[in-house]
Student: 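There's a structure below that I have some questions on.
As a basis for the values below, the full set of heavy atoms in this structure was taken, side chains included, without hydrogen atoms, waters or symmetry mates. In what follows, every chain begins at residue 1, and chains take the letters A, B, ... in the order their sequences are listed. Keep in mind that what you see is a predicted model, and the values were worked out from it rather than measured.
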There are 2 protein chains.
Amino acid sequence: MAGSGTRERILEASLRLFNDEGVAAISAHRVAAELGISPGNLHYHFKTKQAIVERLFMRFEGRLVPCIDATASVTALDDLWLSLHLNFEAVSEYRFIYRDISYFLNEFPALEARSHALTARNVIAAEALCAGLAAAGVIEASAEDVQMLALQLVFTTTCWFTFKRLISPHQPAGRHADAALAAYYALTLLGPYVVGEARDYLNYLRAKYLR
Amino acid sequence: MAGSGTRERILEASLRLFNDEGVAAISAHRVAAELGISPGNLHYHFKTKQAIVERLFMRFEGRLVPCIDATASVTALDDLWLSLHLNFEAVSEYRFIYRDISYFLNEFPALEARSHALTARNVIAAEALCAGLAAAGVIEASAEDVQMLALQLVFTTTCWFTFKRLISPHQPAGRHADAALAAYYALTLLGPYVVGEARDYLNYLRAKYLR
DNA sequence: GTCTATATGCGGATAGAC
DNA sequence: GTCTATCCGCATATAGAC
């Protein structure tokens with residue numbers, strides 16, 4: 001499996017460059033140059049650029065699924081915050097995927113079905129999560145509210161970092177320390193539904209993140 | 001101004017192709033072929049592909065700004081719904097812009113500042129709009145709530161159509177009749193803040209759009 | 001496994017005739 | 001204004017030597 005460290009180094013360099021500059025802007029030559037190897041050598045390990053992207057996407061699946069499935073025990077608001085935080089971190093580590101969604105799906109059509117499945121799984125997990133909070137009395141929400149909330153949560157975890165570039169200057173490189181802030185932002189979607197002492201936790205977060 | 005109809009036809013064909021297949025996937029050759037003219041002729045009217053995109057972006061600005069500035073008189077929930085509907089329609093007509101945000105800003109850096117300004121203007125208008133509804137007693141929201149709501153509204157009008165591709169199969173072509181549904185979706189962000197008889201309007205919309 | 005060298009095609013952009 | 005013909009550069013992908 002680990003026979004050749006080169007294969008792994010190609011994946012790591014590709015992920016970094018894709019994240020920083022976008023998968024459209026990075027050629028196979030560029031990845032090879034970054035590693036100080038020849039394009040021919042890179043081609044020996046990955047026949048096509050698409051093969052690299054697909055391999056990275058599978059890693060993203062493996063990285064994200066535990067985050068969205070480990071939500072069975074969520075009964076408090078800070079559990080949800082942690083879940084969102086982990087989710088944002090995973091998305092941030094593979095942010096090249098959702099960075100240019102349409103381009104990505106057009107260029108790598110083999111990944112469209114997998115992307116749909118992943119998003120659907122995410123929505124279902126978010127619904128279960130919100131329903132759990134409602135059952136625990138943390139929030140007060142109808143079944144329809146829960147559905148909408150779940151969709152808004154997944155929409156936010158998926159597209160928030162992309163949208164951020166339209167409201168603040170582009171982060172130069174590996175900056176993804178704002179997962180916590182993003183999690184707070186997403187959490188405010190539930191804000192108006194929160195009842196009881198869970199409001200205290202919201203106020204604590206608000207004091208921490210607002211200005 | 002209208003000396004040559006060709007220039008206008010180039011812009012129209014470009015907009016349509018960019019919207020349908022993405023600005024990255026459409027070459028100048030392709031636009032020329034679509035119109036049945038030569039690449040040389042196209043180059044006579046637009047020296048570069050970037051010039052076409054910039055011209056279309058300016059049209060988008062001219063198309064969107066009236067939608068976001070004509071919100072001074074919003075004092076009822078259905079005024080907001082209409083405003084959102086018009087906003088979504090404008091975004092849909094120029095959906096190639098927000099379709100792949102990072103790619104767009106990377107490829108056409110001259111438009112990054114304008115995009116920022118447009119988004120900022122949109123947020124300010126949304127804040128005024130939510131503040132107006134709060135003042136009119138339609139919603140009950142603190143100043144911080146209003147800020148968050150405005151950001152969520154703009155986030156949604158900007159990125160919702162892009163995200164939709166991850167949860168439902170890709171719309172083949174000029175389908176953008178879902179502006180009304182998108183407006184309803186965005187409106188639910190205000191749902192929990194709504195008080196008084198405005199709730200009736202929300203229930204009316206819910207019956208209309210849910211299932 | 002890794003290299004050098006190269007084939008092939010496409011997209012952006014231009015020159016110059018009509 | 002519109003055409004044909006062409007240059008240039010880049011990206012994908014391959015061939016074959018070491």
Student: For A:R9 and C:dG1, what is the distance between atoms CZ and C1' respectively, to the nearest whole Å?
Tutor: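 One finds 13 Å between C1' of C:dG1 and CZ of A:R9, rounded.
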Student: Quick one: A:F46 CZ to C:dG1 C1', roughly how many Å, whole number?
Tutor: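 Taking CZ of A:F46 and C1' of C:dG1, I get 14 Å after rounding.
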Student: Going by side-chain contact (heavy atoms from CB on, under 4.5 Å), name the residues that satisfy it together with B:I124, two or more places apart in sequence or in a different chain.
Tutor: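 Checked B:I124 against side-chain contact (heavy atoms from CB on, under 4.5 Å); zero matches.
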Student: What side-chain donor-acceptor pairs closer than 3.5 Å can you find for residues 40-47 of chain A, not counting sequence neighbours?
Tutor:
| from | atom 1 | to | atom 2 | distance (Å) |
| --- | --- | --- | --- | --- |
| A:H43 | NE2 | A:K47 | O | 3.4 |

Student: What residues form a side-chain contact (heavy atoms from CB on, under 4.5 Å) with A:A128, not counting sequence neighbours?
Tutor: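 side-chain contact (heavy atoms from CB on, under 4.5 Å) list for A:A128, sorted by chain: empty.
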Student: Rounded to whole Å, how long is the line connecting atom CZ of B:R7 with atom P of D:dT2?
Tutor: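 Answer to the nearest Å: 13 Å.
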Student: List the residues meeting salt bridge (Lys or Arg N to Asp or Glu O under 4.0 Å) with A:R30, not counting sequence neighbours, and say none if there are none.
Tutor: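 Testing A:R30 for salt bridge (Lys or Arg N to Asp or Glu O under 4.0 Å), a comparison that skips the adjacent residues, returns A:E21, A:E34.
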Student: Under 4.0 Å from OP1 or OP2 of C:dG1: is there any side-chain N or O of A:Y44 that close?
Tutor: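 Yes, A:Y44 has a side-chain N/O under 4.0 Å of OP1/OP2 on C:dG1.
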Student: Please report whether the ring centroid of B:W160 lies less than 6.0 Å from that of A:F155.
Tutor: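 Yes - the distance between ring centres of A:F155 and B:W160 falls below the 6.0 Å cut-off.
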Student: Once side-chain contact (heavy atoms from CB on, under 4.5 Å) is applied, do any residues pair with B:E61, and if so which ones, sequence neighbours excluded?
Tutor: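 Result, side-chain contact (heavy atoms from CB on, under 4.5 Å) vs B:E61: B:F57, B:M58, B:R114, B:L118.
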Student: Counting side-chain heavy atoms from C-beta on, which of D:dG1, C:dT2, C:dT4 comes nearest to A:S38?
Tutor: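 The nucleotide sitting nearest to the side chain is C:dT4.
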Student: Tell me, for nucleotides 11-18 of chain C in 5' to 3' order, what letter each nucleotide earns: B for a base near a protein heavy atom under 4.0 Å, S for only sugar-phosphate near one, - for neither?
Tutor: SBSB----
Student: Can you tell me if the side-chain N/O atoms of A:N41 get under 4.0 Å from OP1 or OP2 in C:dG1?
Tutor: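 For C:dG1, neither OP1 nor OP2 has a side-chain N or O of A:N41 closer than 4.0 Å.
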